[in-house]
Amino acid sequence: MITTHNLGFPRIGARRELKFALEDYWNGQLPRAELTALGARLRARHWAGQAGLDFVPVGDFAFYDQVLDMSFTLGNLPERAQGYGGDALDNAFRIARGRSVRPAEDHGPCCGEVAAGDMTKWFNTNYHYIVPEFTAGTRFTLDATRLLEQLAEARALGVNAKPVLIGPVTYLWLGKAKDHSDRLALLPRLLPVYAALLEQLAGQGVAWVQVDEPILATDLDENWRHAFNLAYHDLKAVRIRLLLTSYFGPLLDNLYLAAHLPVAGVHVDAVYGREDLQPLLNLLPAHKVLSLGVIDGRNIWKSDLGSMLDWLEPVAARLGDRLWLAPSCSLLHVPVDLASETQLDPEVRAWLAFALQKLEELKLLAAALNEGRGSVADALAANAAANQRRRTATRIHKPAVQAKVARIDASLGRRASPYATRARRQAEILRLPRFPTTTIGSFPQTAEIRQARRQYKSGALDEAGYQAVMRREIARCIRVQEALGLDVLVHGEAERNDMVEYFGEQLDGYAFSQSGWVQSYGSRCVKPPILFGDISRPKAMTVEWTAYAQSLTAKAMKGMLTGPVTLLNWSFVRDDQPRSVSCHQLALAIREEVLDLERAGARVIQIDEAALREGLPLRRSRWDEYLRWAVDAFRIAANGVRDETQIHTHMCYSEFNDIIASIADMDADVITIETSRSDMALLEAFDAFRYPNAIGPGVYDIHSPNLPSESHIVDLIEKAARRIPAERLWVNPDCGLKTRRWDEVLAALTRMVAAARVLRATL
Ligand code: GLN
Ligand code: ZN
C-alpha cells in the first residue's frame, strides 16, 4: 500500500482570515484570545481539509513565519529581543515587525519597540522568512511548547500527525552570523537541542517526523555536506523515524549524500527534480522510504494523472510499501480552494487545482496505484478530459502567436547602433543637463485614486468619470514635477493598481482569480495573475495616458512599461510549454507597445524588470540558461526602437555583482537600481566590471518615511562618480513612490533636485 501525506498547508485561510485577524490584533482592535482562537480554528479546518491522507503535517501553521517559529523552538532569539516581558507570540511579532501590538487606548508608539529582523526570500519562491540571527556566542535551548500543543490539538481531532521541523543544517544555512563568525561552528551546540526535541516527540508516540532540508537542492560545498553527515549521524540515536525532506529542485550532486544519511526516508521533489528518480531508485538503501513529490506545490494547474500513473506504476511495483506520495513542496505557495472562484471563466477554471484540489488528486493517484485505475475510473476520465481540452483549446493555442515566436531572430534584440552613438543622438534631442534627475514611475496612490478605481470597478463611476479623475492626477503629477525642476518626467501611474496585473488585464492569455491569495510575508499576500495561454496584445495599453501626459509638458515624458521577465516571474505560468517560450511571447507583446509609444512621440521609454533576479535558478549551473533567455526577452521587448529613443530599465535590488555582465547585456541606455540602503556598496560591482551604459544609482530609500539630506545625496553620487564617469550618471530615488505620501515625496524630491544642482556645480 502506498502512503499519502502532505508537507504543509497554506495557513492564511481561504478568505485571508488570518491576515485580517493579525492586522486587527496589531492595531489593538482584536483581543488576543480571539486571535489565538482563530489560529486553532484555522488549524482544525485545514486538518479537516487534509482528511483521508495517511499523514498530515503539524507544526506548519505559524502566525507569522515558520522559520521564526523554529527560532523560538530552538531558543535562538536576537539579543535585543531577549528579556521581553510579554509572551512568545508577542515577542515573535516584535522580532518580525519591530513591535507587537498597539494598545487601543494609547495611540502613541507601543512600548517594547525593537529593530525588526531581516526578511529574505524563501529559496526561489515569493515567500519571505525572518532570517535567524547568530553570533559566535549563540546558545540554543529547547522550547517545544508550540509544537507539542499543536500535536495534542491535532490528535484530539483524530489527525494522524506528522510533525514538521526545519532541519538543523538548513536552519543554520538560512541564518546570518551578525559577527561574521562561522555559523557551522554552532552545529555541535544545536544538535543536542534537536535531539531533545525529537526525544520529546518520540515520547509522545510520534511515528514520523518531517525534517525539511531544502538546501539539498542547492549548491553545497564540502563543509555543508559534512555538516549533514555530522548532524544525521548524531540524531540517529533518537528512536524516531525521520523523513529527510528536500524540494524546489533536483538533488543532483547531493543525491548520494541524501540517499545515504541515516534516516528512515527521503522526500524529493518529483516535479522540479524528476531527474533524481532513476539514480535514487538505484542508490536508495532497501529499508528506506522514498517519498515522491508528484503534485506541483508551486503552481495551480490540474495534474495529468494518466501520464503520471504511466511512470508511477512501475515505480510502485518496484518499491511497494516503501513508496510515499505527496505534493512536491508545502502547499503554502498556492491558494487554498478553487471552489471560491465563482467569477473565473469556467473554461479556465476547469484546468486549475488549488491546495484542496491538489490533495484530492493525490488521493486519486494513491487509489489508482493501490486498487487499480478501475477503482477511480470516472475521476481519472474527468481529469483526462479536462487536460485533453487544455491541450487543444483555441483560447490557449494561437497559431499566429506561435508563428511570431518562431520568427524571432537575433536582429529583433539588437539596436541599430552601439551605445556611444545612440547616447550622442539622444543627447542632441533630449538636451538634458549633467546628472539628469528623474523618478522611477509611480507617484502616491492617494485615497482619491483608490476610491475612483473601486467605484469604476463596481460601476458606480462611468468610464468618462474615471478618465477624468485619472487625468486630473496625471496633470497634478506633471505640475509638481515641473515645479520641482525634474528633468525627465513620468505620468505617475495613477491608473495602475499593480504593475503586473495592469498589463495582464489587457493582454490575451491571462486570467484573474478573485481570491487566489498566496502569503508573501506575515499578513501580506499577493494574488498572482494566471498566464494560461499564448499571449497577445489586442490593442495599445498605455499610449493614451502617456500621450496625454506628454501633451501637458515640453519636457521629456518617460513611457512606463513592465518588462516580460517581471510579468512572467510574478504570475502563475502555464506548465505546458517552457517558461522561456511564454516569456518570449510576453516580450513580443511589450515590444509592440514600445513601438506604439515611440510612434506616438515618446523619446524615453522605461521597461521595469523588478523581478529579473528572483527568477534565477537555485543551481548556479542553470543560471546561464535562464539569463540567456531572460536577457533575450528584454532585448526583444526593448530594442526595436530607433537610436534616438532612450530605453531605461529599473531593478529594485542591489545584488548585482554576480549577474552584472547579463545586466549590461540587456543594453538599456539607462538603468536605475536600488543602492541607497546598501550605501552604494553595490557599486563595488562596478570596480570589477566596467558597466558600459548610463546608470541611476538610487539616492534615497523610498521604503522609509525618513527624509534624505541633500548632502547625503551629493555624497552618494560622488562615491558613484569614482566608478562611473559623471556624464553617465543619473539622479533618482531607489524605486517608485506610490506607497509614500505627497508631503514626503515633495520634501525628498526637492532635496534630490537641489543635490543634482550642487553636483553640476562642483563635479
Ligand atoms: N515603475 C514602477 C513604479 O514606480 C516600478 C516599481 C518596481 O520596480 N517595483 O512603481
Ligand atoms: Zn523598484
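Numbers for residues simply follow the sequence, beginning at 1. Ligands are counted one by one from 1 in listed order, and the atoms in each one are counted from 1 as well.
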A.B. asks: If we ignore hydrogens and angles and just use 3.5 Å, is the side chain of Thr566 paired with the main-chain N or O of Ala610 as donor and acceptor?
C.D. replies: yes
A.B. asks: Determine whether the aromatic ring centres of His333 and Phe248 lie less than 6.0 Å apart.
C.D. replies: yes
A.B. asks: With a 4.0 Å cut-off on N to O distance, would you call Asp596 and Arg599 a salt bridge?
C.D. replies: yes
A.B. asks: Taking atom types as modelled and ignoring hydrogens, do the side chains of Thr553 and Glu482 form a donor-acceptor contact shorter than 3.5 angstrom?
C.D. replies: yes
A.B. asks: Looking only at distances, can you tell me whether any N or O atom of Trp570, backbone or side chain, sits closer than 3.5 Å to an N or O atom of ligand 1?
C.D. replies: no
A.B. asks: Taking non-hydrogen atoms only, is Met651 closer than 4.0 angstrom to ligand 1 via side chain, backbone, both or neither?
C.D. replies: neither
A.B. asks: In ligand 1, which numbered atoms sit nearer than 4.0 Å to a non-hydrogen atom of Gly736?
C.D. replies: 3 (C), 4 (O), 10 (O)
A.B. asks: Relative to atom 10 (O) of ligand 1, which among Ala611, Pro733, Ser442 owns the nearest non-hydrogen atom?
C.D. replies: Ser442
A.B. asks: Are Phe435 and Trp730 an aromatic pair, judged by ring center distance below 6.0 Å?
C.D. replies: no
A.B. asks: Between Leu568 and Ser582, is there a side-chain heavy-atom distance shorter than 4.5 Å?
C.D. replies: yes
A.B. asks: So is there a nitrogen or oxygen of Gln606 less than 3.5 Å from a nitrogen or oxygen in ligand 1?
C.D. replies: no
A.B. asks: Show the atoms of ligand 1 that are less than 4.0 angstrom away from any heavy atom in Asp608.
C.D. replies: 1 (N), 2 (C), 5 (C)
A.B. asks: Roughly, to 10 degrees, what angle do His650 atom NE2 and Cys735 atom SG form around the Zn ion (ligand 2)?
C.D. replies: 120°
A.B. asks: If you count the atoms of ligand 1 from 1 in the order shown, which ones are under 4.0 Å from a heavy atom of Cys652?
C.D. replies: 7 (C), 8 (O), 9 (N)
A.B. asks: Which atoms of ligand 1 are found less than 4.0 Å from any heavy atom of Met499?
C.D. replies: 6 (C), 7 (C), 9 (N)
A.B. asks: Do any nitrogen or oxygen atoms of Met560 come within less than 3.5 Å of a nitrogen or oxygen of ligand 1?
C.D. replies: no
A.B. asks: Side chains of Asn639 and Asp667: do they bring a donor and an acceptor to under 3.5 Å?
C.D. replies: no
